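Each remark here refers to the structure printed beneath this line.
Nothing here was measured: the structure is a model prediction, and the numbers come from that model.
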Amino acid sequence: MTPNVEMLQNALCKSFCADVRIVERKGGVLLVDTPFHFPDGDAYSIYLEPLAAGGFRVTDSGHTMMHLSYENDISKFKEGARGRVYEQILAEMDLKEDDGEFYLESAADDLGKNVFRFGQALTKLHDLTFLNRARVESTFYEDLWESMTHIVSPEKVIRDYVYRYMPNAEDYPIDYRIEGKTEPLFVFGIPNRDKARLATIVLEHLLRADAQFKSLLIFANQEEMPRADLARLSNVGGEMVSSLDAQDDMKRKLLKMAA
Amino acid sequence: MSAGNLTDERIAALIAMPKRVTNPGARRKVNSKHEQVNYNVIGNDDDTAFQIFARQSIKIAESFSCGLLWISPSGETVTLIRYNGMSHPHENQMEGSRFEFLCHIHRATERYIAANKKPETYAEKTDRYRTLNGALNCLLSDCAVTGLDIEPENQTRGLFDDA
């Protein structure tokens with residue numbers, strides 16, 4: 001059966017109109033109620049402010065950042081990799097920002113599409129929360145595994161290896177063991193300061209047990225590592241790769257040591 | 001216990017656990033068109049860590065929020081309970097219910113966690129408060145928090161009003 005396009009169009013228009021409406025709040029503030037909502041079920045706060053020159057400012061009045069601040073340090077959204085994504089979203093969606101308030105300007109006739117664009121932009125900004133530490137850490141290990149196994153056959157890599165010839169060996173796991181040319185190669189992923197400290201402890205324990213091995217430390221971003229932690233780790237660790245972007249270095253060092 | 005393993009019983013126990021604020025003099029600051037303050041909180045077992053946050057929009061008076069976060073041993077945070085103002089509609093996705101422009105209280109639930117949704121999605125409307133101060137006093141009482149004094153909401157000064 002061929003769908004009746006006109007009927008569908010009418011049904012869609014009716015549904016959009018029912019789901020989107022303007023509500024006048026205290027002090028004459030105009031809020032656009034839409035189906036857009038945060039993952040916790042709270043609707044997006046989208047306001048319309050008339051502009052002196054005509055048209056409207058479509059704005060969140062700072063609510064999006066306030067909402068994100070409940071569980072996140074919002075200053076981090078503008079730093080490092082998150083900051084680059086943040087700037088990209090603003091540019092891509094043609095969104096302006098004034099001290100945490102997001103807005104765009106629209107002619108009255110274009111309000112429909114601009115309210116939808118604004119909702120889409122707020123969704124993208126909210127998704128910056130997916131780049132939190134725990135998630136970034138887990139994607140780091142996935143990316144590290146992929147990078148390593150492009151260079152060394154996965155069959156040669158043992159994950160979460162335990163070197164049994166030392167006391168309390170289970171408490172000192174090694175991220176990856178790769179068969180080496182002369183000695184086994186122990187690889188540690190270092191996504192953050194805590195892991196740098198743990199790797200230092202594990203390596204010291206291995207050295208005290210007189211284990212024969214070579215080590216390779218692969219950082220998420222060596223530049224962000226506190227100097228004291230990096231110095232301690234350098235004293236006990238072997239070769240280092242500053243980030244997953246340094247693919248050539250990783251390849252050269254892995255191939256030099258792996259069997 | 002991680003966030004993914006929280007049961008309704010454990011959530012209720014964490015909310016009811018007597019706890020105290022360790023930095024009652026925490027300074028408020030203005031950030032992104034809202035005023036904010038965070039308080040560190042410790043359970044009476046001297047081990048379980050929480051945080052209380054309070055936020056007040058500068059532009060929209062009815063936009064405010066405060067809540068209690070549980071900081072799991074792994075460092076993951078979960079909003080156990082959150083007291084919102086009346087600035088926006090709320091929808092309970094799994095129940096299919098919605099209410100508009102009413103103060104409401106979010107609460108973490110096992111069923112939303114099990115469905116891989118935001119733990120504190122479920123909310124119920126309330127008339128127990130109208131301002132941030134009122135919401136904070138509800139939080140202090142509901143969550144057995146001591147060590148922080150907030151003026152009642154019928155007083156003229158709010159948490160973020162100038163002295």
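Within 6.0 Å of CG in B:Asp45 there are more than 12 heavy atoms belonging to other residues, nucleotides or ligands. In A:Glu146, the CD atom is not crowded: 12 or fewer heavy atoms of neighbouring residues, nucleotides or ligands sit closer than 6.0 Å.
For the set B:Lys118, B:His104, B:His106, B:His90, the entry with the most heavy-atom pairs within less than 4.5 Å of chain A is B:His90. Of the listed residues (A:Met65, A:His37, A:Arg25), the one with the most heavy-atom contacts under 4.5 Å to chain B is A:Arg25. Top candidate by heavy-atom pairs under 4.5 Å with chain B, chosen from A:Asp98, A:Thr64, A:Val29, is A:Asp98. Taking B:Gly67, B:Cys66, B:Ala123, B:Ser63 one by one and counting their heavy-atom pairs under 4.5 Å with chain A, the maximum is reached by B:Ser63.
In this structure, no portion of B:Phe99 lies under 4.5 Å from any heavy atom of chain A. With a 4.5 Å cut-off on non-hydrogen atoms, A:Ser45 touches chain B through its side chain but not through its backbone.
Looking at every heavy atom in both residues, B:Thr121 comes nearest to A:Gly41 through CG2-N, 4.1 Å. Counting all heavy atoms, side chain and backbone alike, A:Leu31 lies closest to B:Phe101 at CD2-CZ, 3.7 Å. Shown here for B:Gln93 and A:Pro39, the closest heavy-atom pair between the two residues is NE2-O, 3.4 Å. Nearest heavy-atom pair, A:Ser61 versus B:Ser57, reported as atom, atom and distance to 0.1 Å: O-OG, 4.3 Å.
Here the straight-line distance linking atom CD of B:Gln36 with atom OH of A:Tyr70 works out to 11.0 Å at 0.5 Å rounding. Here the straight-line distance linking atom OG of B:Ser87 with atom NZ of A:Lys26 works out to 11.0 Å at 0.5 Å rounding. Summarising the geometry, atom CD1 belonging to B:Ile58 is positioned 7.5 Å from atom CG belonging to A:Asp99; distances are rounded to the nearest 0.5 Å. In this structure, CG in A:Asp73 is found 9.0 Å from CG in B:Asn38, a value given to the nearest 0.5 Å.
With ring centers used as reference points, A:His63 lies under 6.0 Å from B:His88.
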Steps toward side-chain contact (heavy atoms from CB on, under 4.5 Å) verdict (B:Asn31, A:Met66): CA-CA 8 Å; B:Asn31 193 348; A:Met66 186 172 109; over 6 Å; no
Between A:Asp33 and B:Arg98, does a salt bridge (charged side-chain N to carboxylate O under 4.0 Å, His left out) hold up when you go through it step by step? CA-CA 13 Å; A:Asp33 183 20; B:Arg98 173 184 161 101; 2.5 Å; yes
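Classification of B:Lys33 and A:Asp60 as a salt-bridged pair fails, no side-chain N sitting under 4.0 Å from a carboxylate O. A salt bridge between A:Arg21 and B:Glu100 is present, with a side-chain N of the basic residue lying under 4.0 Å from a carboxylate O of the acidic one. Under the 4.0 Å criterion applied to side-chain N and carboxylate O atoms, A:Asp40 and B:Arg82 are assigned as salt-bridge partners.
For the pair A:Ser69/B:Arg55, a side-chain contact is recorded, criterion being any heavy-atom separation below 4.5 Å from C-beta on. At least one side-chain heavy atom of A:Glu101 sits under 4.5 Å from a side-chain heavy atom of B:Lys59. A:Tyr47 is listed as a side-chain neighbour of B:Ile60, based on a closest heavy-atom distance under 4.5 Å. Side-chain contact between B:Glu120 and A:Glu71 is present, with at least one heavy-atom pair separated by less than 4.5 Å.
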